[in-house]
S.K.: 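Below is the structure I would like to discuss, written out as structure tokens.
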2 protein chains.
Amino acid sequence: MDRRPSSPSTGEALLFLTDEQLRQGIEAMFFAYRGFTADPDRILGDMAYGRAHHRAIHFIGRAPGTTVNNLLNILGVTKQSLNRVLRTLIADGLVESKVGRQDKRERHLNLTEAGRTLEQTLSDAQRARMRSAFRDAGPEAVAGFRTVLEAMMDGEMRSSYSRLKDSAS
Amino acid sequence: MDRRPSSPSTGEALLFLTDEQLRQGIEAMFFAYRGFTADPDRILGDMAYGRAHHRAIHFIGRAPGTTVNNLLNILGVTKQSLNRVLRTLIADGLVESKVGRQDKRERHLNLTEAGRTLEQTLSDAQRARMRSAFRDAGPEAVAGFRTVLEAMMDGEMRSSYSRLKDSAS
DNA sequence: GTTGGAGTGTCAACAACACTGACATAAAGT
DNA sequence: ACTTTATGTCAGTGTTGTTGACACTCCAAC
């Protein structure tokens, strides 16, 4: 049912997307995201940390010296939410916060040695799954994967994503 | 840095995935998932419901007459967690629960008319974004997207996913 | 037929993590 | 001086996950 053939009307290859195809995309996204977070969640479950800590550590490791405000924009949470997480990470010696030199209002965040170690542990698990998925799927599929995901982002997130991508030249 | 050329050792086109490439995949997944849930979340924010209600409604709509236990396996949460959500949905007349005829331990779940309406509203928003992303990315990219996501799932989830996919022939 | 274990669903209490709102401090910018 | 920006904190609330305890139903062994 609902299986129309693609009848191109214009020169452009217009995609005829049935609700069923879109639904499958939605469900694929749901199940895959569960797999995506499963490994770090398992590791974090044993500690006193959760997914929020993982995200903070990831992006601090990714953009060392970033400010609280910048991190806030990337993560898309409120400062109260982030602060709770950062407070524990700093208290536990995984993250250090230094007052800015030019602008003393800012705090620049960096991972400590211990923080980098945890970041590695968590990322290794997640990267292993991503690597395995990429290998299984092949290079063309990976390119498509990234194209669709980029198209699915909101504008601001796409900016954050690109900025991070380009910064790691 | 960290930019090794692909030095194939076997006949297979071995993929050489740098940590940087994997990291970008991870971040793409993170940002895209935010976009993916943004629209339904916005709609649900106005009501007394959250993302968990959306998921329940989605999969009940997808597999009418399903049992609580089956839904549990699909969603991957505890039955207590699901029950709280189901209770409110039933109380609000969006879902109806009928005792099984053969096995009276089971409850079969179905959307009411009101439930179907809400499901449509939520799905429409999410499908619109998915459709737009799929259109922008093109058919080859979409195929790759699905391939990678499937490879990223855990085994059980892949089963659930396939079962749902096939049931909608 | 009764009993005990497995399957299923429900209620209660707690933890993690998001939110809003209000407020304090310090440093820039005008 | 006044305003804005960046950050941190306290208090309160809501959603959604968890465990623990318990009731009902089925089925199979005794």
S.K.: Under 4.0 angstrom, heavy atoms only, what part of the nucleic acid is Arg84(B) near: base, sugar-phosphate, or nothing?
M.R.: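 It contacts base atoms.
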S.K.: Sequence neighbours left out, what passes side chain to side chain donor-acceptor pair (under 3.5 Å) with Glu106(A)? Give chain and number order.
M.R.: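 Residues passing side chain to side chain donor-acceptor pair (under 3.5 Å) with Glu106(A): none at all.
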S.K.: In residues 90-107 of chain A, which residues come under 4.0 Å of DNA chain C by heavy atom?
M.R.: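 Gln102(A), Asp103(A), Lys104(A), Arg105(A), in order of number.
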S.K.: According to the interplanar angle, ranging from 0 to 90°, do the rings of Phe30(B) and Phe59(A) count as parallel (below 30°), tilted (30 to 60°) or perpendicular (above 60°)?
M.R.: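 Judged by the thresholds at 30° and 60°, the geometry between Phe30(B) and Phe59(A) is tilted.
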S.K.: Verify the distance criterion only: is there a donor paired with an acceptor across the side chains of His58(B) and Glu27(A) at less than 3.5 Å?
M.R.: yes
S.K.: By side chain to side chain donor-acceptor pair (under 3.5 Å), which residues pair with Asp39(A), not counting sequence neighbours?
M.R.: Arg42(A), Arg129(A)
S.K.: Tell whether Gln80(B) reaches the base of dG20(D) with its side chain through a donor-acceptor pair below 3.5 angstrom.
M.R.: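 Such a pair is found, so the answer is yes.
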S.K.: Who passes salt bridge (charged side-chain N to carboxylate O under 4.0 Å, His left out) against Arg51(B), sequence neighbours left out?
M.R.: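 Arg51(B) satisfies salt bridge (charged side-chain N to carboxylate O under 4.0 Å, His left out) with Asp41(B) once adjacent residues are dropped.
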S.K.: Taking only heavy atoms on the protein side, list every residue of residues 32-43 of chain B lying under 4.0 Å from any atom of DNA chain C, sorted numerically.
M.R.: none
S.K.: Contact list please: residues 48-69 of chain A against DNA chain D, heavy atoms, distance less than 4.0 Å, in numerical order.
M.R.: Thr67(A), Val68(A), Asn69(A)
S.K.: Mark yes or no for whether Asn110(A), through its side chain, and Pro64(A), through its backbone, hold a donor-acceptor pair below 3.5 Å.
M.R.: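 Pair absent, no side-chain N/O of Asn110(A) close to backbone of Pro64(A).
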S.K.: Check whether Thr112(A) reaches the backbone of Leu94(A) with its side chain - one donor and one acceptor, N or O, closer than 3.5 Å.
M.R.: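 Present.
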S.K.: Who passes side chain to side chain donor-acceptor pair (under 3.5 Å) against His108(B), sequence neighbours left out?
M.R.: none
S.K.: How long is the line joining CG of Asn83(A) and P of dA11(D), in whole Å?
M.R.: 14 Å
S.K.: Can you list the residues that meet the salt bridge (charged side-chain N to carboxylate O under 4.0 Å, His left out) rule with Asp92(A), with sequence neighbours excluded?
M.R.: none
S.K.: For the backbone of Val85(B) and the side chain of Thr88(B), can you confirm whether one donor and one acceptor N or O come within less than 3.5 Å of each other?
M.R.: yes
S.K.: Scan residues 70-79 of chain A against DNA chain C and write down, sorted by residue number, each residue with any heavy atom closer than 4.0 Å; if none is found, say none.
M.R.: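 Only Gly76(A), Val77(A), Thr78(A) qualify.
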S.K.: Not counting sequence neighbours, which residues clear salt bridge (charged side-chain N to carboxylate O under 4.0 Å, His left out) with Arg107(A)? List them please.
M.R.: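 If we apply the salt bridge (charged side-chain N to carboxylate O under 4.0 Å, His left out) test to Arg107(A), skipping adjacent residues, there are no hits.
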S.K.: Nucleotide range of DNA chain C contacted by chain B, 5' to 3', under 4.0 Å to a heavy atom?
M.R.: dA6(C) to dA12(C)
S.K.: Nearest whole Å is fine: how far is dG17(D) P from Leu82(B) CG?
M.R.: 9 Å
S.K.: Less than 4.0 Å between a side-chain N and a carboxylate O, is that true for Asp19(B) and Arg127(A)?
M.R.: yes
S.K.: In terms of the angle between their ring planes, are Tyr33(A) and Tyr33(B) parallel, tilted or perpendicular, with boundaries placed at 30° and 60°?
M.R.: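 It falls in the parallel class, under 30°.
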S.K.: I need the full list of salt bridge (charged side-chain N to carboxylate O under 4.0 Å, His left out) pairs touching residues 78-90 of chain A, with sequence neighbours left out, sorted by first then second residue.
M.R.: none
S.K.: For the pair Glu20(B) and Arg23(B), find out whether any cationic side-chain nitrogen is under 4.0 Å from an anionic carboxylate oxygen.
M.R.: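 Salt bridge absent between Glu20(B) and Arg23(B).
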